[in-house]
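Structure first, then comments.
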Amino acid sequence: MNRLSYMLKLYRLVWIGMMSALCVSTLSAQNSPDGESWKRMINMRHEQIDVLLRKGAFTQSLSLAKSCLLLVPKSEGPCTYLGLCYDRIALVFYKKGAIDSALISYQKALGAYEQSATPNYREIGTTFNNLGTVYGRKGKDSLAILFHHKSLIVKGLNVSGNNAEFGQSYKNIGHSYLKMSIPDSAIRYYKMALNVSSTITSEEEGQLMHDIASCFRLMSERDSCKKYIQIGLKAFQGLGNLSRKGLVKYYSLKAIEQEIKGAYRLASEYYGKLITYQKNVGTSSLGRAVSYERLANCLLELARYDAAKAAIDDALRLVSHEIPQIHPFYGQLFNQLGLYYERIGDLSKSEVCYEKSIGIKAELYGNSHPQVAVAFHNLGKQYYYNGDYDRAILYFEKANLAYKNAGKEEHAAVATIFESLGQVYIELENYEQAKHFIEKALAINQRVYQSDNLSSAANQYSLGIIAFNQKQNKAALKYLKIALGQKQKVYRTIHPDLAITFLAIANAYWQDAAFGMADAYFQKAITSFGFNIEGDEHAATDKEGLLKALSQYGRFCTERYLHTQSDSWLDLANSYLVEAVELEQKISRVMDANFQLSLTI
């Protein structure tokens with residue numbers, strides 16, 4: 001017999017011995033004269049289970065938890081200890097990730113508690129809370145809120161109002177509202193948790209600040225988000241050993257902090273660390289999917305489109321069997337997927353994704369809700385890109401009305417809608433109406449952010465384009481340079497948005513006959529666009545931008561040749577126009593290849 005066979009045989013003998021001992025102890029406990037030893041035995045085994053769970057020994061924990069059921073004398077019938085045994089079995093299943101089995105065991109525990117001759121309201125309240133947690137894990141957040149509220153009612157029969165148990169229920173209700181994308185309600189319950197938890201630790205305070213900051217992030221209220229980020233980071237500061245949950249929320253806070261600043265590269269690095277840590281500690285699939293969705297948002301802003309698509313796909317894979325199809329997170333994911341297709345120039349797929357997002361959100365919230373307003377706005381953008389300006393205006397106005405009905409007329413998202421309306425009127429050459437909406441957008445953004453930000457920069461850029469189209473070159477350059485300065489403070493690196501602004505400034509100088517400055521800014525625009533299409537990620541929008549810059553610079557050089565008769569300008573014109581033609585042919589070949597691929601699929 002080899003050593004491995006010997007060890008396996010020995011292990012089986014030991015396990016049989018342990019089970020035999022359990023049976024003997026069970027019989028002796030049930031037949032004990034004092035009638036209480038079976039309770040002591042259950043308590044001891046539950047302590048052993050806690051130790052085994054900390055070691056991750058789920059199989060042994062489950063066997064031990066089920067053996068406790070045999071210790072309860074049949075004469076007792078449904079009782080508190082029977083409930084405790086089912087509770088412990090449910091806990092093992094939950095820790096193991098067997099959520100449906102955990103739900104069944106918690107329901108059995110609740111039945112035993114409620115049918116007991118002397119109901120233990122504390123345990124009933126705790127089980128309601130546990131059922132709420134399980135339903136939340138299954139993505140059934142309305143049921144989760146219902147059971148957490150039941151927990152609060154039952155706890156009120158047994159404990160004082162200013163108690164940490166109430167705080168936990170309030171936090172759980174807040175979590176469910178946040179997952180349902182109802183941040184106002186989530187904030188209310190998180191603040192209630194703060195008020196009743198008189199003995200809250202610094203780590204618990206940091207975790208709650210993270211949750212409140214996440215709500216304000218969802219609401220696009222950056223100043224409030226920054227405030228709670230700072231409070232949360234201060235609470236975490238100086239704490240040596242954070243719990244697993246504490247570390248997850250610390251990394252998440254650091255990521256949100258950078259994202260709010262517009263430092264998307266740093267934010268994406270923190271989200272990457274967060275996802276790795278969440279995977280190692282067994283964070284729920286939905287929790288990890290949310291991190292992937294936020295990572296995708298940062299990668300889209302960095303124009304790293306392939307990586308963003310991969311993050312969205314990872315999020316979809318994680319929740320495909322975890323949450324129902326009509327769920328707020330699916331609405332958000334389809335919105336991100338629509339944005340991805342929009343950025344790479346595939347407007348037909350983008351429109352389909354935005355329509356799915358609207359369908360999910362409208363079914364969940366009705367049409368007069370900020371989340372639906374976001375989806376209306378995004379669909380309006382698709383009609384704008386396709387040149388259907390009347391329908392674009394219709395959906396932008398629907399979005400604005402939804403925010404108005406929600407009492408959020410000064411929200412940053414309303415400024416974005418006004419900016420979009422301004423863009424439509426620029427295309428319609430109604431420059432006064434365009435200026436009216438964009439100035440309204442700028443006024444809101446300046447009140448909301450009170451510092452350099454990309455939203456205000458976009459408004460300044462649009463005002464510059466309006467002035468350029470009205471042949472007001474000095475005003476155009478003023479607005480465009482303000483926009484450029486704000487964008488450079490945020491991006492701090494080469495970015496397609498900077499290249500677009502360089503190109504607009506070049507054209508304004510050209511129109512103003514400042515040819516030397518125009519030449520310099522054309523060169524900057526071409527260099528920036530060229531940088532962004534290097535490597536594996538060839539974004540359609542960057543290629544189109546470079547094509548536009550090459551063509552315009554070629555025409556500029558041709559005009560300079562006609563005025564100066566200098567061969568150097570003619571050589572430059574030929575060089576850049578040839579490069580533009582070659583790039584256009586490359587883009588056409590890629591589009592043809594994609595079309596052929598779609599036919600085969």
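Quick note: numbers below take in every heavy atom, side chains included, and nothing from hydrogens, waters or symmetry partners. The structure displayed is predicted, hence computed values, not measured ones.
Shown here for Ser420 and Phe396, the closest heavy-atom pair between the two residues is CB-CZ, 3.5 Å. Here the closest non-hydrogen pair linking Cys298 and Ser268 is CB-CB, 4.2 Å. Taking all atoms of both residues into account, the shortest heavy-atom contact from Ala144 to Gly132 is CB-O, 3.2 Å. The two residues Ala402 and Ala373 make their nearest non-hydrogen contact at CB-CB, 3.7 Å. Minimum heavy-atom separation, Leu480 to Ala508: CD1-CB, 4.3 Å. The shortest non-hydrogen separation linking Leu253 to Ala213 is CD2-CB, 4.3 Å.
With hydrogens and angles disregarded, a donor-acceptor distance shorter than 3.5 Å links the side chain of Ser462 to the backbone of Ala458. A side-chain donor-acceptor contact under 3.5 Å links Tyr354 to the backbone of Leu339. Side-chain atoms of Ser528 do not come within 3.5 Å of backbone N or O of Ala499 as any donor-acceptor pair. Side-chain N or O atoms of Glu203 include one that pairs as donor or acceptor with a backbone N or O of Ser243 at under 3.5 Å. With hydrogens and angles ignored, the 3.5 Å screen pairs a side-chain donor or acceptor of Asn172 with a backbone N or O of Gln168. Checking side-chain atoms of Gln486 against main-chain N and O of Ala457 turns up a donor-acceptor pair under 3.5 Å. Within the 3.5 Å criterion, the main-chain N or O of Thr201 finds a donor-acceptor partner in the side chain of Glu204. Side-chain atoms of Ser455 do not come within 3.5 Å of backbone N or O of Asn445 as any donor-acceptor pair. For the pair Tyr509 (side chain) and Ala504 (backbone), a donor-acceptor distance under 3.5 Å is absent.
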Chi angles and distances behind the side chain to side chain contact (heavy atoms under 4.5 Å, CB included) call for Ile145, Ser142: CA-CA 5 Å; Ile145 290 170; Ser142 297; 5.9 Å; no
Is there a side chain to side chain donor-acceptor pair (under 3.5 Å) between Glu427 and Gln423? Walk through the geometry before answering. CA-CA 6 Å; Glu427 293 298 324; Gln423 293 299 322; over 6 Å; no
Applying side chain to side chain donor-acceptor pair (under 3.5 Å), run through Ser291 and Gln278 and close with a yes or a no. CA-CA 9 Å; Ser291 298; Gln278 286 177 316; 2.9 Å; yes
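Only one option out of Tyr177, Tyr170, Tyr189 pairs with His149 in a ring-ring contact (aromatic ring centres under 6.0 Å, His included); it is Tyr189.
Trp510 and Phe522 have perpendicular rings, their planes meeting at more than 60° on a 0 to 90° scale where under 30° would count as parallel.
Separation of the Tyr228 and Phe216 ring centroids falls under the 6.0 Å cut-off. Annotation: Phe147 is in aromatic contact with Tyr135 [ring centroid separation under 6.0 Å]. Between His148 and Phe128, the distance separating the two ring centers is not shorter than 6.0 angstrom. Ring to ring, Phe236 and His210 are not that close: their centroids are 6.0 angstrom or more apart.
Judged as a salt bridge (Lys or Arg N to Asp or Glu O under 4.0 Å), and not counting sequence neighbours, the contacts of Lys138 are Asp100. Applying the side chain to side chain donor-acceptor pair (under 3.5 Å) rule to Tyr250 yields no partners; only residues at least two apart in sequence or on another chain are considered. For the side chain to side chain donor-acceptor pair (under 3.5 Å) test, no residue two or more places apart in sequence or in another chain qualifies with Ser214. For Lys471, there are no salt bridge (Lys or Arg N to Asp or Glu O under 4.0 Å) partners two or more places apart in sequence or in a different chain. Leu146 pairs by the side-chain contact (heavy atoms from CB on, under 4.5 Å) definition with Leu143, Lys150, not counting sequence neighbours. In terms of the salt bridge (Lys or Arg N to Asp or Glu O under 4.0 Å) criterion, residue partners of Glu301 (sequence neighbours excluded) are, by chain and number, Arg343. Residues that satisfy the side chain to side chain donor-acceptor pair (under 3.5 Å) test with Gln511, not counting sequence neighbours, are Asn473. Under the side chain to side chain donor-acceptor pair (under 3.5 Å) criterion, Glu259 pairs with Arg217, Tyr271, Asn297, sequence neighbours left out.
A donor-acceptor pair shorter than 3.5 Å cannot be found between the side chains of Asn386 and Gln382.
Residue pairs meeting the side-chain hydrogen bond (donor to acceptor under 3.5 Å, both in side chains) criterion with at least one partner in residues 428-443, sequence neighbours excluded, are Glu432-Gln470. Residues in residues 367-381 take part in these salt bridge (Lys or Arg N to Asp or Glu O under 4.0 Å) pairs, two or more places apart or across chains: Glu342-Lys381. Here side-chain hydrogen bond (donor to acceptor under 3.5 Å, both in side chains) pairs that include residues 330-341, with residues two or more places apart or in two chains, are Glu293-Gln332, Glu293-Gln336, Asn335-Asn378. Within the structure, salt bridge (Lys or Arg N to Asp or Glu O under 4.0 Å) pairs that include any residue of residues 176-189 comprise Asp141-Lys179, Asp184-Lys408 (at least two apart or interchain).
For the pair Tyr383 and Asp390, the minimum side-chain heavy-atom distance is 4.5 Å or more. Within the 4.5 Å cutoff, side-chain heavy atoms of Leu194 are placed close to those of Ile212. Counting only heavy atoms from C-beta outward, the side chains of Phe334 and Ile358 never approach each other to under 4.5 Å. In this structure the side chain of Val414 never reaches within 4.5 angstrom of the side chain of Glu409, judged on heavy atoms. In this structure, Arg294 and Ile256 have side chains that are in contact, with non-hydrogen atoms separated by less than 4.5 Å. Within the 4.5 Å cutoff, no side-chain heavy atoms of Thr133 are placed close to those of His175. Here the side chains of Tyr461 and Ile500 are in contact, with some heavy-atom distance below 4.5 Å. The shortest distance between side-chain heavy atoms of Asp314 and Ile275 does not fall below 4.5 Å.
Because its NZ or CZ atom is not both nearer than 6.0 Å to the ring centre of Tyr365 and within 45° of the ring axis, Lys361 does not count as a cation-pi partner of that residue. The cationic atom of Lys273 (NZ for Lys, CZ for Arg) does not lie both less than 6.0 Å from the six-membered ring centre of Tyr251 and within 45° of the ring axis.
Rounded to the nearest 0.5 Å, atoms OH (Tyr292) and OG (Ser285) are 11.0 Å apart. Remark: Leu421 CG to Thr416 OG1 distance equals 11.0 Å, nearest 0.5 Å. The structure places CG of Leu333 at 12.0 Å from NZ of Lys356, a figure rounded to the nearest 0.5 Å. In this structure, CD1 on Ile323 lies 13.0 Å from CZ on Arg137, to the nearest 0.5 angstrom. Once rounded to the nearest 0.5 Å, the distance linking CG of Asp512 with CZ of Phe468 reads 10.5 Å. Atom-to-atom distance recorded for Ile482:CD1 and Leu442:CG is 9.0 Å, nearest 0.5 angstrom.
Salt-bridge annotation for Asp313 and Lys309: present, with a side-chain N of the basic residue lying under 4.0 Å from a carboxylate O of the acidic one.
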